There are 2 protein chains.
Amino acid sequence: MTQPAYSLDAQVGYLMRRANQRHLAIFAAHIPALTPTQFAALARLCEIGPLSQNALGRAVAMDAATIKGVADRLRAKGLVTAAPDPDDRRRMILSATATGQTLFERLVDEGLAVSDETLSPLSQDEQRQFLDLLARLG
Amino acid sequence: MTQPAYSLDAQVGYLMRRANQRHLAIFAAHIPALTPTQFAALARLCEIGPLSQNALGRAVAMDAATIKGVADRLRAKGLVTAAPDPDDRRRMILSATATGQTLFERLVDEGLAVSDETLSPLSQDEQRQFLDLLARLG
DNA sequence: CACAATCCGTTTGTACACCAACAATTCCGC
DNA sequence: GCGGAATTGTTGGTGTACAAACGGATTGTG
């Protein structure tokens with residue numbers, strides 16, 4: 001028996017890292033004001049309204065330590081505010097500010113353009129297929 | 001005209017982040033001794049032999065600052081050694097040690113198992129399709 | 001009611017990942 | 001051969017990401 005071949009370039013993890021690198025570059029070119037993570041958190045907050053910090057984290061798949069940093073930076077930019085929850089003294093309720101709402105609405109088109117450009121090497125059919133398969137790996 | 005809808009859950013970047021999170025967890029469960037990044041660098045070094053630090057970085061798509069940290073950690077684990085290049089005083093030539101080679105060879109099967117498990121929600125056909133499309137987005 | 005289990009947010013530590021700047025070296029064009 | 005351009009490795013800074021541990025608050029169960 002020979003050693004099974006290992007081609008790094010054929011491994012999912014490696015390919016995902018490369019694809020993600022390209023995507024991050026496209027994102028940064030379109031939306032320099034926010035990182036993808038920050039944009040995701042802001043989008044969710046605008047989409048479903050005020051949430052506790054950890055709840056927002058769960059809604060965007062970030063653990064408690066990660067969402068804290070993201071929330072802090074969004075607050076520092078004035079896009080999000082935090083207020084204590086009257087019903088639960090542990091919680092801080094995060095809300096998008098008017099500035100945050102406006103910014104998000106103004107960036108929606110850019111966000112869609114980022115996805116478009118990222119997928120542009122594929123045909124329309126392939127894009128749908130890819131997103132479908134990708135969603136099943138989350 | 002209404003505002004174009006923006007569904008975070010339908011954006012490539014978000015889906016890739018989620019898929020990658022799942023993949024990282026699978027990797028860590030199979031190969032706790034190394035990170036995916038470290039494994040990739042070690043694999044390349046075993047695959048194509050000694051390389052300068054930056055050349056290795058290019059071979060695994062990591063920038064100079066990133067590969068430095070990875071190389072340092074691989075050296076600290078005794079899997080890689082660095083020697084000055086006699087032909088170019090700027091360069092450090094990195095090589096896998098015997099320990100590094102052996103470890104890599106012993107982990108090849110696990111590496112393939114990681115890819116398998118990551119793709120396991122898809123059928124064989126879908127796996128091939130997905131990898132094909134993914135490779136074109138790098 | 002009491003107390004264990006859970007949840008909230010925070011901190012610390014490790015590890016990518018990229019940008020920008022830097023000194024030392026090598027390369028290249030003229 | 002010489003001087004500008006490029007390359008090598010390094011550092012510092014910012015921003016994810018996750019694990020582990022913590023104190024304080026709340027919930028659930030007996």
Side-chain angles (χ1 to χ4, degrees), chain A residues 13-14 16-29 31-42 51-77 79-80 82-94, chain B residues 13-14 16-29 31-42 50-77 80 82-94:
Chain A
Y14 184 66
M16 286 202 297
R17 193 164 66 80
R18 310 255 289 142
N20 205 48
Q21 282 176 350
R22 177 166 160 276
H23 172 258
L24 294 181
I26 293 170
F27 190 101
I31 307 183
L34 294 175
T35 65
T37 326
Q38 289 164 15
F39 188 68
L42 180 60
L51 278 176
S52 81
Q53 186 173 287
N54 282 3
L56 176 58
R58 286 189 294 271
V60 289
M62 299 176 202
D63 83 338
T66 301
I67 192 64
K68 187 205 186 307
V70 175
D72 285 352
R73 285 181 281 275
L74 287 174
R75 285 203 288 165
K77 289 176 204 271
L79 306 175
V80 161
D85 184 339
D87 296 340
D88 189 334
R89 266 182 292 172
R90 295 169 303 177
R91 283 185 219 180
M92 291 295 272
I93 305 229
L94 302 184
Chain B
Y14 184 66
M16 286 202 296
R17 194 164 66 79
R18 309 256 288 142
N20 205 47
Q21 283 176 349
R22 178 167 159 277
H23 173 259
L24 293 181
I26 293 171
F27 190 101
I31 307 184
L34 294 175
T35 65
T37 328
Q38 289 164 15
F39 188 67
L42 180 60
L51 279 175
S52 82
Q53 186 173 287
N54 280 5
L56 176 59
R58 286 189 293 271
V60 287
M62 300 175 201
D63 84 337
T66 300
I67 191 64
K68 189 208 185 307
V70 175
D72 284 353
R73 286 181 283 274
L74 287 174
R75 284 203 289 164
K77 288 176 203 270
V80 161
D85 183 338
D87 296 341
D88 188 334
R89 266 182 294 172
R90 294 170 304 179
R91 283 187 222 183
M92 291 296 272
I93 305 227
L94 301 184

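Order of the sequence lines fixes the chain letters, A, B, ..., with proteins taken first and strands second; residue numbering starts at 1 for each chain. Please read all numbers here as calculations on a predicted model, not as lab measurements.
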Are any non-hydrogen side-chain atoms of I93(B) and P50(B) less than 4.5 angstrom apart?
yes
If you check every side-chain atom of V70(A), which of dG9(D), dG9(C), dT16(D) has the closest atom?
dT16(D)
L94(B) and A82(B) have their tightest heavy-atom pair at CD2-CB, 3.6 Å
Note: for L24(A) and A64(A) on DNA chain C, the residue whose nearest nucleotide lies more 5' is A64(A)
Students often get this wrong, so: under 4.0 angstrom with heavy atoms, is D88(B) touching a base, only sugar-phosphate, or nothing?
sugar-phosphate
It should be established whether R91(B) places a side-chain nitrogen or oxygen under 4.0 Å from OP1 or OP2 of nucleotide dT25(C).
no
Note: for R90(A) and Q38(A) on DNA chain D, the residue whose nearest nucleotide lies more 5' is Q38(A)
Which of these nucleotides, dG9(D), dC18(C), dG9(C), is closest to any side-chain atom of A65(B)?
dC18(C)
State whether R89(A) places a side-chain N or O below 4.0 Å from either non-bridging phosphate oxygen (OP1 or OP2) of dG24(D).
no
Quickly work out the L56(B) CG to dC16(C) C1' distance and round it to whole Å.
15 Å
Phosphate OP1/OP2 of dT16(D) contacted by T66(A) side-chain N/O (<4.0 Å)
no
NE2 of H23(A) versus P of dC18(C): gap in Å, rounded?
14 Å
Length of the CG-P vector between N20(A) and dC18(C), whole Å
9 Å
Between P of dC18(C) and CG of N54(B), the distance in whole Å:
14 Å
Looking at the side chain of D63(A), which of dG9(C), dA15(C), dC18(D) is the nearest nucleotide?
dC18(D)
Is R17(A) close enough to dC16(C) that one of its side-chain N or O atoms is under 4.0 Å from OP1 or OP2 there?
no
Between dA17(D) atom C1' and I67(A) atom CD1, what is the distance in whole Å?
12 Å
Atom of K77(A), atom of A33(A) and distance for their closest heavy-atom approach:
NZ-O, 3.4 Å
Nearest-Å distance, CG (D87(B)) to C1' (dT26(C))?
12 Å
Sidechain-backbone polar pair: Q53(B) side chain, A71(B) backbone, donor-acceptor under 3.5 Å
no
Distance check needed: dC16(C) P versus L74(B) CG, whole Å only.
8 Å
Output yes when at least one side-chain N/O atom of Q21(B) is less than 4.0 Å from OP1 or OP2 of dC18(D), else no.
yes
According to a strict under-4.0 Å criterion, is T37(A) in side-chain N/O contact with OP1 or OP2 of dT16(D)?
yes
Can a donor-acceptor pair be found, under 3.5 Å and without considering hydrogens, that links the side chain of R17(A) to the backbone of V60(B)?
yes
Side-chain donor/acceptor of R73(B) to backbone N/O of K68(B), under 3.5 Å:
no
R58(A) side chain near dC8(C) phosphate (N/O to OP1/OP2, under 4.0 Å)
yes
From CZ of F39(A) across to P of dG15(D) the rounded distance in Å is 18 Å
